[in-house]
Amino acid sequence: MADLQEASITLPSEPASVTAARRHVCGVLAEWGLPAGAPAVDAVRLIVSELTTNAVLHTSGLSPAFTVDVRLERSERLSIGVTDSHPRWPRQAAAATQQDNGRGMVIVRHLAAESGGSLRITPTGDGGKTVWITLPWAVPVG
């Protein structure tokens with residue numbers, strides 16, 4: 001297997017794109033050997049849903065599209081990044097907040113930590129940001 005495998009998709013910032021992004025990422029992971037029933041798939045599916053939903057809902061129309069990048073490094077580390085061109089970075093609501101929304105980043109951070117991974121946000125050259133989730137690769141090489 002190559003030291004680095006990559007896949008990317010750019011979608012319009014509209015609700016239907018959340019489903020398309022989730023399908024794309026799960027399809028790529030299946031191609032790379034992660035079985036559909038693996039426990040990591042559910043976590044990745046939820047993480048992608050939360051991050052892409054944020055890109056659609058919280059960019060106030062200032063990011064007409066978002067990009068999802070998937071990278072597998074040395075069959076050890078999976079990184080998924082969601083990039084949009086809106087300058088506002090996601091905020092993490094308190095876990096005890098009594099709202100119907102606003103807890104997506106809490107969920108993403110929890111899923112990452114529970115899986116032995118991490119979350120980071122990096123600026124882009126156009127003033128936007130990429131929210132990266134990095135997880136250990138869940139498929140044994142063999």
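As the structure is a computational prediction, the values presented were derived from the model and not from experiment. Quick note: residue numbers are just sequence positions, from 1.
Checked by atom type and distance alone, the side chain of S17 never pairs as donor or acceptor with a backbone atom of S13 at under 3.5 Å.
Among all heavy-atom pairs drawn from L51 and V131, the shortest one is CD2-CG1, 3.6 Å. Shortest non-hydrogen contact noted between W32 and R71 is CZ3-C, 4.2 Å. Heavy atoms only, all atoms of each residue included: H86 and S63 are closest at N-CB, 3.9 Å. Of all heavy-atom pairs spanning D69 and S8, the tightest one is OD1-OG, 3.0 Å. When all heavy atoms are compared, the tightest approach of A112 to I133 is CB-CD1, 3.0 Å. The two atoms that bring G117 and P136 nearest to each other are N-CD, 4.1 Å, heavy atoms only.
Atom CD of Q5 is separated from atom CG of L29 by 10.5 Å, given to the nearest 0.5 angstrom. Atom CZ in R88 sits 7.0 Å away from atom NE2 in H58 (nearest 0.5 Å).
With sequence neighbours excluded, the residues that form a side chain to side chain contact (heavy atoms under 4.5 Å, CB included) with A21 are L11, V48, T52, F66, V68. Every residue two or more places apart in sequence or in another chain that forms a side chain to side chain contact (heavy atoms under 4.5 Å, CB included) with A38 is listed here: L34, P35, V41.
Partner of K129 under the side chain to side chain contact (heavy atoms under 4.5 Å, CB included) criterion, out of T122, D84, V82: D84 alone.
A donor and an acceptor atom, one from each side chain of R77 and T134, are nowhere located under 3.5 Å apart.
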